[in-house]
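Below is one structure, written out as structure tokens; comments come after it.
Not measured: the values here are computed from a predicted model. Lettering of chains follows the sequences in order, A, B, ..., and the numbering in each one begins at 1.
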2 protein chains.
Amino acid sequence: MGTVRLLWRRERPLPPRPGRRPTLTVDAVVDAGIREADDRGLHDVSLRRVAEHLGVGVMTLYGHVANKAQLLDLMVDQCRLDMEWAPLSGSWRDRLGQVADENLTLLTRHPWLAHVETERAVLGPGTLGKYERELGAVEPLPLTDPAKDQALALVLAFVRSSARALEAARAERSEETPEQWWLREGAELAALGIEERFPLASRVGQAAGAATHAAADARSAHAFGLGVLLDGLAPARPGRRPRVGG
Amino acid sequence: MGTVRLLWRRERPLPPRPGRRPTLTVDAVVDAGIREADDRGLHDVSLRRVAEHLGVGVMTLYGHVANKAQLLDLMVDQCRLDMEWAPLSGSWRDRLGQVADENLTLLTRHPWLAHVETERAVLGPGTLGKYERELGAVEPLPLTDPAKDQALALVLAFVRSSARALEAARAERSEETPEQWWLREGAELAALGIEERFPLASRVGQAAGAATHAAADARSAHAFGLGVLLDGLAPARPGRRPRVGG
DNA sequence: TTATTGTCCGTACACCGTACGGAAAGAGGT
DNA sequence: ACCTCTTTCCGTACGGTGTACGGACAATAA
């Protein structure tokens, strides 16, 4: 089945047909995939596990979904469809900040979303609706259309990397704590005269590493970065007007 | 072998030992990995292929490298070590722009680098040297150390996503051109009343899509985004001074 | 009832990363 | 020259992955 038709499956529920009736819906498969990814992480999502989770043979999934990549696309769009929106309000700055917050919440609820690589855009109702809403935040800015898209993409890319950092900071429960790792590997590093040869890196890296490790500071780093972005987008600065495209 | 010791293998070339002499060096393995990734993409790098490329059995690799993840770390650090630097010059803005350029060049030469996920930082000579150099660009800014790190990370994350966009735009030679895809899937989309239900998304998306598709405009989008970032980092703006950390 | 049309899914294949252990090769001591 | 010790090479095997194929099965239409 074509990906687009599957993404918009709610638009045209297909009429009852002859033949054995399906025991599963596409939504059930997608939801199982999302649950699996939430629980075990993107890396450990396998069709076999999803099938087992549904009490069904592996190949049954292929009756509802073309392949694993398509399932991932559907999962991504579903998550975006499930986002909860309050109406955007305030200045463009407030609104863009709100958009960033929503995205950070999304990526906190489903950390694997920050690791999905969708080669082509997922043109489903969730993605399109999200895009529509978020464009509303940059619409007031005096930019060309491509620049609006780019500005939004800039914020979203930033939130994505922020979410990854926060996730890493939160990963004390990993199989090996950073302290253990440092004890094992860091000793060798210290013996190499790093501090003399890379003074800036040593000084800043240590401070930044310590700060990023505390989840609170990871959040403040996020706030800082977002502030930088929004300041840069502000049109009030004289003598320059962001511009892009032909 | 510990990853750190392997990353810094040039520091202490180990003395000749009894026993069969190795037919391969770590560098040979790393280089083969890089070539393989350059040619076929990150997704298709397998130890079997790397081994075949070297005319050697698969398990031979494990005599030089602990596992695939470690090999990837070594590849990443090697690429960073091989970057060509001209001395940084000019204002902090010029210098940070120069850093962004170098990184874009790096990611263009090795597109797979933009897709590598290194859980933990790779503390090798390439990475550390690159970090040291790039900190030199933000050093003049009136920021705390963690904020300097964050500012740099912001620029690098942006370049990374830019590189991905450029790569996608350049991917005409893919197994299916965007045009073919659109012909196959886009027709169904058009029949759903998208334009009325998502007016902003349709308008902006079309303009942005067209612009991003032309490689020239993808570059100008990059320039726009970078300008935004640098404007945001500029300390001259009155009434606000970027700040982060405790 | 029978034919038709769809779903379910066991089996199989190619590929992956990698644990194990024996074969092969070079160096040092005698 | 030989034996021994150390190290590297690598064939085999195991458990995992995505997915192609085709038969068993169920439900509707005739």
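Nearest to the side-chain atoms of B/Pro18 among the listed nucleotides C/dT18, C/dA27, D/dC9 stands C/dA27. Listed candidates were D/dC10, D/dT8, D/dG18. Nearest to the side chain of A/Leu47 is D/dG18. If you check C/dC20, C/dT5, D/dC9 against the side chain of B/Met59, the one that comes closest is C/dC20. Which of D/dG18, C/dT18, C/dC16 sits closest to the side chain of A/Tyr62 comes down to D/dG18.
For the pair A/Leu24 CG and C/dG6 P, the computed distance is 19 Å after rounding to whole Å. Regarding B/Leu72, its CG atom lies at a distance of 12 Å from the C1' atom of C/dG17, rounded to whole Å. Atom P of nucleotide C/dC15 and atom CD of B/Glu52 are separated by 11 Å, given to the nearest angstrom. Between B/Leu61 atom CG and C/dC16 atom C1' there is a gap of 14 Å when expressed in whole angstrom units. Distance CZ (A/Arg49) to P (D/dG15): 16 Å, rounded to an integer number of Å. Taking atom CZ of residue B/Arg40 and atom P of nucleotide C/dC15, one finds them 12 Å apart after rounding to whole Å. Rounded to whole Å, atom C1' of C/dT7 lies 13 Å from atom CE of A/Met1. We find that CG of B/Leu71 is positioned 10 Å from P of C/dT18, with the value rounded to whole Å.
Within 4.0 Å (heavy atoms only), B/Gly19 reaches at least one base atom of the nucleic acid. Nucleic acid contact class of A/His43 (heavy atoms, under 4.0 Å, all strands): none. Counting non-hydrogen atoms under 4.0 angstrom, A/Val56 reaches the backbone sugars and phosphates but no base.
Mapping B/Ser46 and B/Arg20 onto DNA chain C by nearest heavy atom places B/Ser46 closer to the 5' end of the strand. Closest-nucleotide positions on DNA chain D for B/Arg48 and B/Arg21 were compared, and the one nearer the 5' end corresponds to B/Arg21.
A salt bridge links B/Arg133 to B/Glu102: at least one charged side-chain nitrogen sits closer than 4.0 Å to a carboxylate oxygen.
Note: A/Trp8 and B/Phe198 have perpendicular aromatic rings, judged against thresholds of 30 and 60 degrees for the angle between ring planes.
Distances shown here put every side-chain N or O of B/His64 at or beyond 4.0 Å from the OP1 or OP2 atom of D/dT8.
In this structure, B/Thr118 contributes its side chain and B/Ala121 its backbone to no donor-acceptor pair below 3.5 Å.
Nearest heavy-atom pair, B/Leu107 versus B/Ala114, reported as atom, atom and distance to 0.1 Å: CD2-N, 4.0 Å.
Side chains of B/Gln78 and B/His110: no donor on one and acceptor on the other come within 3.5 Å.
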